[in-house]
Amino acid sequence: MAMPKEIPKTYDAKEWEEKLYHAWEKSSFFNPDICIKAGVTKADAPIFSIVLPPPNVTGTLHTGSACMLAIEDLIVRYHRMQGFRTLWLPGTDHAAIATQSKVERIIYEKEKKTRHDLGREELLRRIESFAEESRNTIVHQTKKMGSSLDWSREAYTLDEKRSLAVRTAFKKMFDDGIIYRGERIVNWDPQMQTTVSDDEIEYVEKTSPFYYLKYGPFVIGTVRPETKFGDKYVVMHPNDERYKAYKHGQKINLEWINGPITATVIKDKAGDMAFGSGVMTITPAHSRIDFEIAQRHNLDIEPIIDDQGKLLPIAEEFAGQEIKEARGKIVAKLKAKGLLVKIDEQYTHNVATNGRGGGTIEPQIKKQWWINVNKEFERAGKTVTLKSLMQDAVRSKKIEILPERFEKIYFHWIDNLRDWCISRQIWYGHRIPVYYCSNNKQGISNFKFQISKEEKCSEPIASIEPLNKCPHCNGEIEQDPDTLDTWFSSGLWTLSTLGWPAYAETATAGKPGSENDFANYHPTNLLESGYDILFFWIARMILMTTYLLDTIPFKTVYLHGLVRDEQGRKMSKSLDNIIDPLDMISEYGADALRLALVIGSSPGNDTRIGDEKIVSFRNFTNKLWNIGRYVSNVGIRNRELRITEKPEPKSNADHWILKRLQDVTEEVTRLIENYQLSLAGEKLRDFTWGEFADWYVEIHKVEKNDAVLRFVFETLLKLWHPFMPYVTEALWETLGNHTKNLLMIERWPASTSTQGGPKKVALTLKADDAERFQLIIDIIQKIRAVRSFSKIDPAKLITVTIRRANERILVQDNGDIFKHLARISDIHITDGNAAPEKSILVQSGLLQVFINLEGIVDIKKERERFKEEKEDKEKYIMSLETKLSNKNFIARAKPDIVEAERMKLEETKKQLADLKHHLASLL
RNA sequence: GGACAAUUAGCUCAGUUGGUUAGAGCGUCACAUUGACAUUGUGAAGGUCACUGGUUCGAAUCCAGUAUUGUCCACCA
């Protein structure tokens, strides 16, 4: 049969992908409202909703996001095909600090201007236009992956609807006293000139000189001598025997950097007896631990370093100098004064840095806005805190985290959670919706701010709508200059994207339209992301939603692992090992990349990817393509064969392949339902390649049951579609099926696990036939092995003899398959028990085939091989007999297990007997 | 310092209620090659399932301990 010229020999992803994505978008079936309108989904169908973890608006697609998209699109397409009302909602995040620092850097490189040169308004204008331009890039790249996102609902954390949600949430928390303003120690980034939250700190290991200094009668150690000017407290553990003589509160006069001082002894358990001398001095203004000690004992707190990272007047002659510059000079002075005991040059310690591209963190005391995670309040008659709400959501199993071990990590994080600093001194982001009356100017100042209860005007006011006048005195007002932590708005993402608060009251379940999304799609079914943002984002969404609405944001959390390079290293610019998903797509196709990301990785575990792996999946897409070429050829021969609902199985092979298809459908459905996506993909690949292509397609060349071939292939396309949407849709079109429907809205093949889908197709399959056919496959493989071992020319045809009546009908029925696949010219049947001379016995179950070797092969060599086989069988029989003679096994194992072992023993014994007999005849 | 995970073929990994003579892909070796496909086909080699003990009729699978590796959290003045 001649191949139709228009189907190329290899699948060309480039040729298809853009075209198909366009067709999908044009159909609007990514939008669940349209699916209902078109009758694709029933109006009362169950819901399945996911919001996309929003990528940074200025970001580009990396392997992590590609992995996320591959997994989510798989699950979304599966549910759409299952008949769910399926919503997958896209959006982008403004990523405040990351974006601003990126744009500031670009502006500085180009124009040598800082943000202060430009001013707040101009900088924001520049960032906005940069973000807008950038947004197109990430959206375009997201589409490249084949993502079936409903773009009509696209959201942005900084757009008007999302901003309203932010102000609404802030106001409620403010009014409830959950948000407060307080002077506390913060992580200050002197480079970006802003605070940073605890979770965004990254520790970098460094080796620095460690200085031992003489502090009166003590020796103290430090890496930062420049912070020691104001140290006037010396802390030791109350149980430290070495310092028993010193009493808490005792004053000691000593010579220090800039002259004589009076130090006070403080006994506190924070002192580590095992570290150094066990004695330390503290700098409460620039260290959290020191700050806490100072608070416990009500000590003076004096700043040493300013916001720019320069020394304050307390440093006297060093005042105004930068830390780096001052340190050496200070050490020199200490040495000159004889206060330097020794220096350890090889001291390694962790330095806190701003993980979002900023500088080294300098703890400072600042007046900031905080979310109180420990404040008690009433909720449904119970006393709760934000922490307890977050714990309960998971502990009660309302939210399930996969894999489960991350629940422990989540709880541990909550246990150690401190109040969340939400104010940032950058400009890009949600302005804190708090206003101060100008009659009380000091309100905005960072120092000495005090709320006077007598004067209402002195209290800051939170407002959802912008305020122009003070509601109390009608005076001028000013807004807080700070912006909110970007995760504050991200924390509202499931709510804000689905219409809260604007439509929260009026949304009606069951009605179409985005204004009803909140009633229809909240809580969402699944939150899928990398485990690296469990704390940043997932926990904060749980915090916000449980607090604001007393419900959960999502039911299941599925965490995927990090994508690493071929050697298991993290991808990074410095290693130059970054794999760009877009390069992979253009080289191998989006489907190959998706398979490489999904198959071979399990939830929560890191996964490796490299060219080799993607190539192997590209090869598979091509394999599927070529099966399609073969099948489409059948379509041309047999035009009335379009979509076959119910094929007619005729042969053993038909029953076998349909039964296997049914099994695989069941299994794959179950695995996807359990989020075992990798296993589902592997099962499908093994079936497609190892059973359908390798066996049934070959058998079809003999038996030519077109309807079965076509049915199995089309079912496979449906099963594969969520994994590799492009090549399957392309094949669907090639088969001519697109005139009825796009594959993406076809119904998922029936199985018992099917939820919203159609009833099971009533195929009357003879399970027995299917099983018996497995014997044929098995014995053909064994014949091939003999041929290969005996170096029989593959082109040479051989003859075989079948003895005994038992299974020979099976061979007779499948004679043509046998001949074709095992390269046999004649099959002789003998009734007698006698084995043909000079032959090799091949057995599968009770089926026996003798390969006639006359003139073909060296019998002596064969005998060696048979001896090995005989020994194998003897060993196996021995182990089975031992097992079956064990009374405890018989008594305690399940009866069907015992029975199965007996059957194995019986069969193997028979095989061995025949083998021995035959071996004797060869001598 | 605390927690969590991993350890199965040369490499990457499956193996989810304990019952297989322990699997796949890649790689290796041998052979094949004009009809769906060399981005291929056929066959083969390759594993005490990290180690030690325990539970069980039965352990890669459950428990305890050990070793190695990795990750996260805390953070030392």
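In what follows, chains are A, B, ... by sequence order, proteins preceding strands, each numbered from 1.
- Using a 4.0 Å heavy-atom cutoff across all strands shown, A:Val615 reaches no nucleic acid atom at all.
- Taking the six-membered ring where the residue is Trp, A:Phe406 and A:Tyr531 present parallel rings, their angle staying beneath 30° rather than reaching 60°.
- Between the CZ atom of A:Arg405 and the P atom of B:U16 there is a distance of 16 Å, rounded to whole Å.
- A:Asp272 places its CG atom 18 Å from the P atom of B:A74, with the value rounded to the nearest Å.
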Could you walk me through whether A:Phe229 and A:Ile330 pass the side chain to side chain contact (heavy atoms under 4.5 Å, CB included) check?
CA-CA 10 Å; A:Phe229 290 99; A:Ile330 294 165; 3.5 Å; yes
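- Of the side-chain N and O atoms in A:Arg608, one or more sit less than 4.0 angstrom from OP1 or OP2 of B:U12.
- Pairing of B:C62, defined by two Watson-Crick or G-U wobble distances under 3.5 Å, is identified with B:G54.
- Across all strands shown, B:A67 forms a Watson-Crick or G-U wobble pair with B:U7, both key distances being under 3.5 Å.
- For the P atom pair drawn from B:U12 and B:U69, the interatomic distance equals 16 Å after rounding to whole Å.
- Residue-level contact check: A:Gly589 touches neither bases nor backbone, having no heavy atom under 4.0 Å from any strand.
- Rounded to the nearest Å, the gap between the C1' atom of B:G18 and that of B:U61 is 6 Å.
- Proximity of A:Lys883 to the phosphate of B:G58: no side-chain N or O atom is located under 4.0 Å from OP1 or OP2.
- Within the structure, a side-chain polar atom (N or O) of A:Lys623 is placed less than 4.0 Å from OP1 or OP2 of B:G41.
- Residue contacts shown for A:Gln676 include a base, since a base heavy atom lies under 4.0 Å away.
- Using Watson-Crick or G-U wobble geometry with both donor-acceptor distances under 3.5 Å, B:G1 finds its partner in B:C73.
- Mapping A:Asn626 and A:Asp198 onto RNA chain B via the closest heavy atom, the residue that lands nearer the 5' end is A:Asn626.
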Does the side chain to side chain contact (heavy atoms under 4.5 Å, CB included) test come out yes or no for A:Glu566 and A:Glu612, once each step is laid out?
CA-CA 9 Å; A:Glu566 227 153 3; A:Glu612 208 180 68; 3.5 Å; yes
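- Not less than 6.0 angstrom separates the ring centroid of A:His560 from the ring centroid of A:Tyr558.
- Here A:Arg685 lies in heavy-atom contact (under 4.0 Å) with sugar-phosphate atoms only.
- Pair assignment for B:G41 gives B:C31, based on Watson-Crick or G-U wobble hydrogen-bonding distances that are each under 3.5 Å.
- Using a 4.0 Å cut-off, some side-chain N or O of A:Arg784 falls inside it from OP1 or OP2 of B:G43.
- Taking atom C1' on both nucleotides, B:U34 is separated from B:G41 by 14 Å, rounded to a whole Å.
- For B:A45 and B:C4, the P atoms lie 43 Å apart once the distance is rounded to whole Å.
- Within 4.0 Å of A:Glu205, counting heavy atoms only, lies no atom of the nucleic acid at all.
- The pair A:Arg710-A:Glu714 meets the salt-bridge criterion, with a side-chain N (NZ, NE, NH1 or NH2) lying under 4.0 Å from an Asp/Glu carboxylate O.
- For A:Glu226 and B:A77, the CD to P distance is 12 Å, given to the nearest whole Å.
- Contacts of A:Ala352 with the nucleic acid, taken as non-hydrogen atoms under 4.0 Å apart, are absent.
- A:Ile627 and A:Phe692 make their closest contact through CG2-CE2, 3.5 Å (heavy atoms, listed as atom of the first residue, atom of the second, distance).
- Backbone-only engagement by A:Ile289 is indicated by non-hydrogen atom pairs under 4.0 Å involving sugar-phosphate atoms exclusively.
- The phosphate of B:U40 has OP1 or OP2 within less than 4.0 Å of a side-chain N or O from A:Asn619.
- At the heavy-atom level, A:Ala893 lies under 4.0 Å from base atoms of the strands shown.
- In this structure, A:Ser602 reaches the sugar-phosphate backbone alone: every heavy-atom distance under 4.0 Å involves primed, P, OP1 or OP2 atoms, never a base.
- With a cut-off of 3.5 Å on both pairing distances, B:A36 has no Watson-Crick or G-U wobble partner at all.
- Using a cutoff of 4.0 Å between basic side-chain nitrogens and carboxylate oxygens, A:Lys909 and A:Glu881 are scored as salt-bridged.
- Side-chain N/O atoms of A:Lys9 include one lying less than 4.0 angstrom from OP1 or OP2 on B:C37.
- Contact annotation: A:Trp689 side-chain N/O to B:G41 OP1/OP2 distance is under 4.0 Å.
- Contacts of A:Lys228 with the nucleic acid, taken as non-hydrogen atoms under 4.0 Å apart, involve only primed sugar atoms and P, OP1 or OP2.
- Distances shown here put a side-chain N or O of A:Tyr347 below 4.0 Å from the OP1 or OP2 atom of B:A77.
- A:Arg418 comes within 4.0 angstrom of the backbone, heavy atoms only, and of no base.
- Base pairing of B:U16 is not made with any nucleotide, judged by Watson-Crick or G-U wobble geometry with both donor-acceptor distances under 3.5 Å.
- Residue A:Tyr203 places at least one side-chain N or O under 4.0 Å from the OP1 or OP2 atom of B:C75.
- Closest-nucleotide positions on RNA chain B for A:Glu901 and A:Thr222 were compared, and the one nearer the 5' end corresponds to A:Glu901.
- Within 4.0 Å (heavy atoms only), A:Lys904 reaches sugar-phosphate atoms of the nucleic acid but no base atom.
- A:Leu731 places its CG atom 16 Å from the P atom of B:A36, with the value rounded to the nearest Å.
- Between A:Asp565 and A:Arg608 there is no salt bridge, since none of the side-chain N atoms of the basic residue sits less than 4.0 Å from a carboxylate O of the acidic one.
- Taking atom CG on A:Asp872 and atom C1' on B:U21, their separation rounds to 9 Å, with Å as the unit.
- The nearest whole Å value for the distance from the CD atom in A:Glu682 to the C1' atom in B:G15 is 9 Å.
- Among the protein residues, A:Arg569 comes within range of no part of the nucleic acid, since none of its heavy atoms lies under 4.0 Å from any strand.
- Only the P atoms considered, B:G46 is 14 Å distant from B:A9, to the nearest whole Å.
- A salt bridge links A:Arg288 and A:Asp198; the closest N-O separation between the charged side-chain nitrogens and carboxylate oxygens is under 4.0 Å.
- Distance check on atom C1': B:G58 versus B:A22 gives 16 Å, rounded to whole Å.
- Atom NE2 of A:His286 and atom C1' of B:A77 are 15 Å apart (whole Å).
- Among the protein residues, A:Thr283 comes within range of no part of the nucleic acid, since none of its heavy atoms lies under 4.0 Å from any strand.
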